[in-house]
Amino acid sequence: MAAKRVVIAIFRRDLRVSDNPLLHALATQADSAKPDYFLPLYVFQANHFEVSGFIKDGSPSPYKPARSQVGGYFRCGKYRAEFIAQAVLNLKESLESLGSGLAVRVGMIPEVVRNLAHGLAENGCKVEAVWMTSHEGSEEKTDEKNVESLCNDMGAEFKLWVDEKYFIDDRDTKLKDNLDDLPEIFTSYRKNQEPLRPKPRAVLPTPMKGDLPAFPEISAIPAQHAPFSIPEDPAALVEAVLQPIRDFLPNMPPFPEDSHSVHPFKGGEGPAHERLKYMIQSGIAGNYNKTRNGLLGVDFSTKLSAFLAQGCLTARQVHHAMVGFEDGTDVTFKDVEGYGQGENEGTKSIRYELFWRDYMRLCHKKNKDKLFRLQGPQNKYADAYANENANGNGHAIANGHVNVNGNANGTAQVNGNANGTVQVNGNGNSANGNGETENSKKKVEWKSPRKETALENQKPDCETIASFLERFKAGTTGMGFIDASQRELMRTGYTSNRARQNVASFLAKHLGIDWRYGAEWYEMLLVDYDVSSNWANWQYVAGVGNDPRGDFRIFNPVKQAFDYDKNGDYVRAWVPELRKLERLENLFQAWTASDEDKESAGLTDNIMATDPIHKIRFTVDVKPRSNRSFRGNRRARKSAGAVGNTSPQAPETNGHAESNGDGKLVNGASPRRYGDSLIVNGSQRAPGRGGFFGNGGRNDAIGTGRGFSGGGGYIYSPYQVGAQGQNGFHYGGRGQRGGGGRGSGYQRGGYRGRGDRGRGGHNYGDHQ
Ligand SMILES: Cc1cc2nc3c(=O)[nH]c(=O)nc-3n(C[C@H](O)[C@H](O)[C@H](O)COP(=O)(O)OP(=O)(O)OC[C@H]3O[C@@H](n4cnc5c(N)ncnc54)[C@H](O)[C@@H]3O)c2cc1C
């Protein structure tokens, strides 16, 4: 008798039956072409999950623990593990309701497929083909290659399906395989592709019961290979996944009283569609642009990310559900405000975000493993180095802990993105304006907690950085907003996009620590972890990503807290030790509380209050409100001047600088094109990037005549206020004031720049 023909389909991040190209193809095949059996398969991969919970007899696991490369953290913590286990069970139920089933296994994909093929062969079945959907990621690609070569050995067909989970399918972007055409800046890409709304492909129909070929006889399917076994009972399966990681974080603080997760969702296609429907019915979608930056509350953003990450839902399903509401074609939404009135600002913004997601994946596809590289895909600090060698005049990007000793004399400037520990020192005169620099040939250094990877003479030393990192992870840095987010993440597996941006910026820019520790920490903890979205976002915020303007994005977590946690509810929710602090500035940085307030709040021995790992001087009442030029008030200057060196001659503001709201900085008498410029160099203009401020050049306000003002300055709060109509603003903040021709000194604590609000400032408006 001829062997029965079997097609195996490996599910990875496609945990759904609807809008599934692979199932659709199989269901619509001519009967004559259909295989005898169809075997859907999900593997809990030993390189991603801790799989020892599937061993019942106490044998050792044959696999290495699944740990991250830099920090050695679990690759998949309990929130995502549970979510995935639920989604797998949900998929199994859905397939069963279609008359099929799902084999669940543990191990590495190629070996599981080999074992299945051997066992099936012993039971009169021949694996005719193995299908899987292509995913980004080198591990995923390795699996694909290994399964393909296994198929070659077995004489089976291998079919790799295009991943269709994206908002706009690759086949419709016109980039095709030529990712060299992918713009480095998201906005440019989006503009290239607009209008977005007509672009997504149609959703594919869900197979009907009986459309799929039969599931093989259970007796014909070989059992899980030893020493593992797969529990039949769903609850036991979830327990097997969770058991080794149940206490994955020792010393986890108790769940704060009266706080709640904003991500209470179970994994699976069913819950994904419930959420999608609710999102439109409740008006979340229509108001998304107004509420998306909320920090506390389930409904402040869509909370679809985890479903999208595991493929429980596709982006085009989200799009089509919104189209049903916008066009008035889905009566489920007939009572919702805006029904039948076309795309509104809320639904449009959701499309933008889904397109961001696509973009992150395309960056990954283009840059491949460079996504995990410390210096980023462009290795741009090496470029800066080369550049600076070439002309010595100001392409230096000083980040983190590099001193750029620029020699600025009126026509030369050093533009640096300097954070707290950076100094940009003017070195006096230079005849030709090409500042020869002393240290500027250094590449950027990231601080490491490990001696093997730290640079010699790293400051602070490795032990200190290790302790900073521990406190960063535990949420005890003393920076209220950061600590709240880290604890929320640790306790729930979710934290908002606004908080993520601040956390990433804090680690990379304020602390200058190797950002990959943060990315891996997120990989472990995020319920919605997605390799492309996580790593590309981290690179982006760390300033080494695809977008070359990344250096200029520094979030001031105190300013951000004032803007987005207006009453301090978020910090109080997740950092209960601080709840008794009444003043917001104390809540956001406990060290600023008076001794008396510390005492009455019970914080006299709390390191968040007594020994914060980073301090930001921030005064509340100088927040610029209009896009007119303004002069930082005395208090502001005094306060800013007090940062760092408490220089009595806290520099004046940027004198005549003003922003006209149009991206122009008028600096002294000479107007300077600013909005998009990286370097404004005397009379030169160098187009570059938004988000940089300073560069008084020879016309700086206090008339040094030389040097630069704030060029390398610490950019305070380059934050997006797109919703309010600006592309961002920055304060001159605690920058450096280049000594320029005044000799060597620099004056930290700088000035509070004036008039810096306006459309031309920091260009982050398009992001998130
Ligand atoms: C450092 C950092 C790490 C991140 N890691 C991840 C990650 O591992 N997985 C992940 O899905 N998102 C990640 N994001 C993006 C974003 O924070 C989350 O997608 C969002 O917070 C999820 O909540 P939501 O579904 O309510 O989003 P919404 O605001 O409702 O957005 C709708 C959808 O758009 C997509 N989206 C929104 N913003 C982004 C973005 N910046 N990049 C990519 N997609 C976006 C998501 O799929 C999201 O579900 C990260 C962002 C940062 C700054």
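Treat the numbers as computed from the prediction; the structure is a model and nothing was measured.
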Discussion item. If you take the centroid of each ring, where Trp contributes its six-membered ring, are Phe307 and Phe83 closer together than 6.0 Å?
Written reply: yes
Worksheet entry | Sidechain N-carboxylate O distance under 4.0 Å for Glu343, Arg351 | yes
Worksheet entry | Reference residue Asp528; test salt bridge (Lys or Arg N to Asp or Glu O under 4.0 Å); the match among Arg80, Arg500, Lys303 | Arg500
Worksheet entry | Charged tip of Arg190 within 45° of Tyr352 ring normal and under 6.0 Å | yes
Worksheet item: Between Arg316 and Glu164, is there a side-chain N and carboxylate O pair less than 4.0 Å apart?
Response: yes
Worksheet item: Using 4.0 Å as the upper bound for N to carboxylate O, is an ion pair formed by Arg373 and Asp369?
Response: no
Item to complete: Could you tell me how the ring of Trp521 sits relative to the ring of Tyr73: parallel (under 30°), tilted (30 to 60°) or perpendicular (over 60°)?
Response: perpendicular
Worksheet entry | Residues Lys447, Asp514: salt bridge by 4.0 Å N-O rule | no
Worksheet item: If you look at every heavy atom in Gln539 and Leu371, which pair is closest and at what distance?
Response: NE2-O, 2.8 Å
Discussion item. The test is side-chain contact (heavy atoms from CB on, under 4.5 Å); show your working for Asn146 and Leu150 and say whether it passes.
Written reply: CA-CA 6 Å; Asn146 289 341; Leu150 176 67; over 6 Å; no
Fill in: Carboxylate-amine/guanidinium proximity below 4.0 Å for Glu140 and Arg12
no
Fill in: Cationic N near anionic O, under 4.0 Å, Arg197 to Asp327
yes
Worksheet item: Is Lys145 paired with Glu148 through a side-chain N to carboxylate O contact shorter than 4.0 Å?
Response: no
Worksheet item: Parallel, tilted or perpendicular for Trp535 and Trp515, by the 30°/60° rule?
Response: perpendicular
Practice prompt. Measure across Glu520 and Val70 and return the closest heavy-atom pair with its distance rounded to 0.1 Å.
Written response: OE2-N, 2.8 Å
Worksheet entry | Face-on cation placement of Arg67 at Phe74 ring, 6.0 Å and 45° thresholds | yes
Discussion item. Determine whether the aromatic ring centres of residues Phe11 and Tyr42 are separated by less than 6.0 angstrom.
Written reply: no
Worksheet item: Which word best sums up how the rings of Phe186 and Trp356 line up, parallel for under 30°, tilted for 30 to 60°, or perpendicular for over 60°?
Response: parallel
Item to complete: Mark yes or no for whether Asp530, through its side chain, and Ser533, through its backbone, hold a donor-acceptor pair below 3.5 Å.
Response: yes
Practice prompt. Could you label the plane-to-plane angle of the Phe472 and Phe506 rings as parallel, tilted or perpendicular, counting under 30° as parallel and over 60° as perpendicular?
Written response: parallel
Worksheet item: Is it true that Lys365 and Asp170 have a side-chain N and a carboxylate O under 4.0 angstrom from each other?
Response: yes
